[in-house]
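No hydrogens, no waters, no symmetry mates; every other heavy atom, side chains included, goes into these values.
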Amino acid sequence: VQLQASGGGLVQAGGSLRLSCAASGAPFNYYAIGWFRQAPGKEREGVSCISNGGDKSYYADSVKGRSTISRDNAKNTVFLQMNSLKPEDTAVYYCAADIYPDTAMAPMCRLGNIEYWGQGTQVTVSS
């Protein structure tokens with residue numbers, strides 16, 4: 001499966017962005033999708049993951065309450081709506097796909113053991 005992330009940009013603290021991850025090349029509804037981020041000098045962090053059917057999701061504590069993950073299987077796209085952005089949200093954001101049971105969104109995000117990765121999209125939050 002091929003993944004294309006988009007929607008990053010420069011935003012002021014307190015602002016919002018919606019990231020999109022478009023997939024192709026395989027039946028999209030087979031795959032759970034995750035959003036990960038990596039800031040310079042920091043380890044990669046699993047931000048949010050959503051099950052293949054969209055009914056189970058996981059959020060890292062760092063974004064919980066400020067972000068919403070959703071998917072449109074008819075359009076082969078997953079979205080990450082990010083609100084109340086903070087400078088510490090600045091990172092390259094990647095989407096990734098793999099086949100995981102819907103009860104495993106937390107380990108999928110925490111471990112990041114995922115087969116397919118897209119290129120990143122830069123999110124920069126200015127203070």
Side-chain angles (χ1 to χ4, degrees):
V1 61
Q2 290 80 48
L3 303 167
Q4 179 84 27
S6 62
L10 173 64
V11 63
Q12 288 188 333
S16 298
L17 283 174
R18 189 174 82 154
L19 306 183
S20 299
C21 176
S24 61
F28 183 65
N29 61 355
Y30 285 9
Y31 294 89
I33 304 292
W35 284 99
F36 296 79
R37 67 186 182 186
Q38 189 161 23
K42 294 188 176 181
E43 291 187 357
R44 186 182 66 197
E45 177 187 21
V47 175
S48 184
C49 291
I50 188 167
S51 60
N52 63 320
D55 54 340
K56 299 291 185 183
S57 59
Y58 164 88
Y59 296 92
D61 288 344
S62 57
V63 302
K64 195 175 294 182
R66 301 188 293 122
S67 297
T68 303
I69 193 169
S70 61
R71 66 189 294 159
D72 185 341
N73 282 351
K75 296 183 178 179
N76 289 3
T77 305
V78 168
F79 304 99
L80 182 68
Q81 177 70 42
M82 302 180 67
N83 302 321
S84 302
L85 284 162
K86 306 175 182 179
E88 51 264 44
D89 294 317
T90 295
V92 178
Y93 284 70
Y94 301 88
C95 59
D98 209 333
I99 296 176
Y100 268 79
D102 60 4
T103 54
M105 293 303 96
M108 176 181 174
C109 258
R110 289 172 181 163
L111 299 176
N113 185 17
I114 298 177
E115 185 168 3
Y116 301 103
W117 292 82
Q119 94 299 345
T121 186
Q122 176 71 46
V123 172
T124 303
V125 184
S126 63
S127 57

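By the rule that hydrophobic residues join a cluster once side-chain heavy atoms approach within less than 4.5 Å of another member, F79 and Y59 end up as members of separate clusters. V78 and L19 fall within the same hydrophobic cluster, where Ile, Leu, Val, Met, Phe, Trp and Tyr residues are linked whenever their side-chain heavy atoms come under 4.5 Å apart, directly or through other members. Hydrophobic clustering (side-chain heavy atoms under 4.5 Å, transitive across Ile, Leu, Val, Met, Phe, Trp, Tyr) keeps W117 apart from L80. Linking ILVMFWY side-chain heavy atoms closer than 4.5 Å, directly or via other members, places L10 and V92 in two distinct hydrophobic clusters. Hydrophobic clustering of Ile, Leu, Val, Met, Phe, Trp and Tyr side chains at less than 4.5 Å, counting indirect connections, keeps M105 apart from Y116.
Distance check: I99 CD1 to N52 CG gives 8.5 Å after rounding to the nearest 0.5 Å. Rounding to the nearest 0.5 Å gives a distance of 10.5 Å between SG of C49 and CZ of R110.
By the side-chain contact (heavy atoms from CB on, under 4.5 Å) test, Q119 is found to be paired with Q4, A5, residues two or more places apart in sequence or in another chain being considered. Considering only residues two or more places apart in sequence or on other chains, N76 meets the side-chain contact (heavy atoms from CB on, under 4.5 Å) condition with F28.
Looking only at distances, a side-chain donor or acceptor of R71 sits under 3.5 Å from a matching main-chain atom of S51. In terms of modelled atom types and a separation under 3.5 Å, the side chain of N83 and the main chain of S16 share no donor-acceptor contact. The backbone N or O of E115 lies less than 3.5 Å from a partner atom in the side chain of D98, making a donor-acceptor pair.
Residues R66 and L85 approach most closely at NH1-CA, 3.8 Å, considering heavy atoms. Annotation for G8 and V123: closest pair CA-CG2, 4.0 Å, computed over non-hydrogen atoms. Of all the heavy atoms in A91 and A39, the pair that sits closest is CB-N, 3.8 Å. When all heavy atoms of E45 and A60 are compared, the closest pair comes out as OE2-CB, 3.9 Å. Across all their heavy atoms, F36 and G46 have their closest contact at CD2-CA, 3.3 Å. Heavy-atom minimum distance, R37 versus S62: NH2-OG, 3.3 Å.
Between K86 and D89, no side-chain nitrogen of the basic residue sits less than 4.0 Å from a carboxylate oxygen of the acidic one, so the salt-bridge criterion is not met.
Residue pairs meeting the salt bridge (charged side-chain N to carboxylate O under 4.0 Å, His left out) criterion with at least one member in residues 7-26, sequence neighbours excluded, do not occur.
Using a 4.5 Å heavy-atom threshold, the side chains of V11 and V125 count as touching. For the pair Y58 and I69, the minimum side-chain heavy-atom distance is 4.5 Å or more. Between Y31 and I114, the closest side-chain pair of non-hydrogen atoms is not below 4.5 Å. Using a 4.5 Å heavy-atom cutoff, the side chains of Q2 and S24 are in contact. Within the 4.5 Å cutoff, side-chain heavy atoms of T121 are placed close to those of Y93.
With I50 as the fixed residue, the side-chain contact (heavy atoms from CB on, under 4.5 Å) test singles out one of D102, I33, D55, T68: I33.
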